[in-house]
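Okay, structure first, notes after.
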Amino acid sequence: MQAALHALLLMTCASAQWSVRPSLDSSRFVITDTHKREVLFRGVNLCAQQWWYKADDRPISPAAYNGSCPPNHPDTYMEPPICEVDAGKAPYEHSTEANSGNDLAQIRELGFDLVRLAISWSLLEETPGDISEEYLERIEQIVGWGAEQGLAFIIDMHADFYSHALNPGAGPAYKDGAPAWAVLNSTIDKFPKYKRTVLDKVGFDWHTVAAFETFYDDQKPEGDAMGLQEHYIRAFAAVVERFNDNPAVMGFEIMNEPAPSELRVLDFSTSKLYPFYRRAIQAVTGVRDGMETCGAGDAIRDDCAFPDLGINSKKVMIFEPMAVRNQLDFSIQLSKPFTEYSNIVYAPHTYTKSFTIFDPIGGYAQSLNTAWREATKMRAGVLVTEFGGPTSDDGFDRLGNITQQQDEMLTGSTFWVWKERGGGWSLWSGNEGEEGMHQVETRRKLLSRARPRAVVGQLVRLEFDPEEKTMLMEARAEEGERGAEAGACEIYVPVDVTTDRIEVDGAVVGEAEVEVRGDGSRIVRVAVANEGGVYRVALGRGFE
Ligand SMILES: *[C@@H]1O[C@H](CO)[C@@H](O)[C@H](O)[C@H]1NC(C)=O
Ligand SMILES: *[C@@H]1O[C@H](CO)[C@@H](O)[C@H](O)[C@H]1NC(C)=O
Ligand SMILES: *[C@@H]1O[C@H](CO)[C@@H](O)[C@H](O)[C@H]1NC(C)=O
């Protein structure tokens with residue numbers, strides 16, 4: 001039974017390969033699966049980058065997580081260790097109780113299908129040029145646990161404000177962002193006075209800006225022949241290479257929340273940020289963008305392509321706007337194509353009313369409205385890789401409005417964050433491993449949503465009511481030859497959505513087929529008629 005289940009799950013995953021293509025009406029770009037169906041993800045952020053300070057006693061070695069879970073130490077770490085103590089048992093036999101030590105099974109049980117796994121450059125390349133095999137194995141272990149639960153992954157090169165080494169309060173356990181050797185203090189110390197003054201005035205840490213400047217300018221650490229940006233791209237490429245054939249990995253996020261290194265922020269995106277993204281994509285895909293390859297030792301230039309590292313990746317490459325977007329809910333950038341690689345996804349973060357410095361004129365809709373416009377000009381899909389907010393009462397209003405907008409604008413997302421010390425912005429309250437640790441019901445209610453996860457044709461409408469637990473979707477398919485799987489629209493119904501009323505309408509063949517999974521969640525399959533047309537599916541409601 002176990003072996004058969006594993007084989008079945010592996011088969012399902014092995015067929016998964018995502019790409020990006022224009023929607024049927026060419027109005028935007030969408031993520032698609034192997035059967036060219038439009039995919040809508042709902043997921044969560046999981047942190048393997050180690051935030052916080054004091055002691056440094058959390059093991060990296062996968063062996064330390066083999067059937068057990070290291071102690072949490074919430075006084076030291078921002079997030080608890082990622083564990084799956086029941087790994088090896090059949091997927092649905094993992095306990096999903098609070099404190100059961102099975103994060104990935106708990107994530108699946110909540111109704112998510114995507115994990116954005118935050119990793120850190122510090123842990124990846126602790127000494128220059130030396131990629132940590134142990135850390136890659138640890139990442140692989142987590143991805144393997146998730147794959148058993150049917151979860152897809154984005155591996156995210158996470159950093160907040162460049163490097164932990166710039167945080168005066170950071171201790172040895174703080175491994176966020178760039179390694180200490182990539183913080184070029186003597187250059188940072190020369191950062192001009194007038195720029196410091198301007199940044200102090202707007203309340204932005206000038207050390208961070210100065211450090212990012214050394215990064216974008218590819219400055220070399222003392223005695224090193226290779227600059228910082230090249231180091232980073234090669235470290236990123238090592239991750240892509242390791243997971244390029246892993247069917248559970250949907251894509252790679254090149255950098256989290258890149259801060260500007262210029263006072264002229266508009267210029268920054270055009271002259272620094274997007275050229276950096278183009279180079280990272282060139283390195284791992286081999287795409288040349290019509291340029292000659294740069295000479296050895298001179299790889300970070302605007303007039304030649306970064307060397308092809310022979311990985312030939314076809315995975316989805318995910319890129320973020322300059323982080324200032326979080327304060328505005330729109331980007332200060334000239335949006336235009338920057339790469340010839342087509343599997344690209346734009347990843348804004350939506351923290352409306354939590355991070356925005358004034359209420360967006362366009363309300364909660366503004367962030368996604370502008371994101372889709374920006375992305376479409378760059379020929380990219382959109383996935384919100386972070387959203388959320390505090391757990392105050394009006395925090396729930398924000399989350400309710402933000403998730404509603406994601407449905408309305410047919411946008412996939414990963415919630416920030418899975419677990420956090422004391423609860424914080426996470427889905428849980430309390431500390432992992434301590435009495436009282438429990439899921440926050442209001443958050444679960446808003447985040448565990450029924451939705452079409454694979455749509456034949458183009459998704460045009462989605463409504464989910466978190467109170468009534470009802471869903472309505474509408475899509476439009478073109479005429480076309482379809483095999484059994486390629487012709488089915490799949491709706492993912494988490495265990496919290498219990499209605500038995502399932503109605504179909506329009507260009508479909510027969511009734512909906514329902515598969516009940518081991519945790520009580522359901523996959524509803526609707527066969528779309530070969531001649532195409534508009535079709536609709538309703539759960540727990542009618543079509544009015
Ligand atoms: C995990 O433990 C089992 C037995 O308890 C052992 O067979 C296996 O080799 C271990 N795996 C790792 C990666 O240490
Ligand atoms: C720069 O300063 C930070 C903070 O003191 C330190 O951790 C880091 O190692 C220094 N970088 C270099 C290259 O020495
Ligand atoms: C959106 O926010 C408003 C104001 O805070 C609130 O009244 C409303 O219930 C929220 N909507 C949702 C769907 O949560």
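Note that ligands are numbered from 1 as they come in the structure, with each ligand's atoms numbered from 1 the same way. Every heavy atom of this structure was used, including side-chain atoms; hydrogens, water molecules and symmetry mates were not.
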- Query: Can you find a pair of side-chain heavy atoms, one from Arg42 and one from Asp407, that are under 4.5 Å apart?
  - Reply: yes

- Message: Could you check whether Arg522 makes a cation-pi contact with Tyr492, meaning its NZ or CZ is under 6.0 Å from the centre of the six-membered ring and within 45° of the ring axis?
- Response: no

- If only atom types and distance count, is the side chain of Asp103 paired as donor or acceptor with the main-chain N or O of Cys83 below 3.5 Å? yes

- Message: If the test is salt bridge (charged side-chain N to carboxylate O under 4.0 Å, His left out), which one of Asp359, Asp394, Asp397 qualifies with Lys353?
- Response: Asp359

- Query: N/O to N/O below 3.5 Å, does that happen between Ala180 and ligand 2?
  - Reply: yes

- Message: Whether the side chain of Asn45 engages the backbone of Phe415 through a donor-acceptor N/O pair (distance < 3.5 Å, no angle test) should be reported.
- Response: yes

- Task: Please determine if Arg451 forms a cation-pi arrangement with Phe464, meaning its NZ or CZ atom is less than 6.0 Å from the six-membered ring centre and no more than 45° off the ring axis.
- Result: no

- Message: For Gly433, is there any backbone N or O sitting under 3.5 Å from a side-chain donor or acceptor partner on Asn72?
- Response: no

- Item | Proximity flag Val183 to ligand 2, non-hydrogen atoms under 4.0 Å | yes

- Message: Using a 3.5 Å cut-off on N or O atoms only, is Asn185 in polar contact with ligand 2?
- Response: yes

- Message: Can you work out which protein residues put a heavy atom within less than 4.0 Å of ligand 3?
- Response: Asp397, Gly400, Asn401, Gln404

- Message: Using a 3.5 Å distance criterion without hydrogens, assess whether the side chain of His94 forms a donor-acceptor pair with backbone atoms of Lys89.
- Response: yes

- Message: Does ligand 2 come near enough to Ala165 that some N or O of the ligand is less than 3.5 Å from an N or O of the residue?
- Response: no

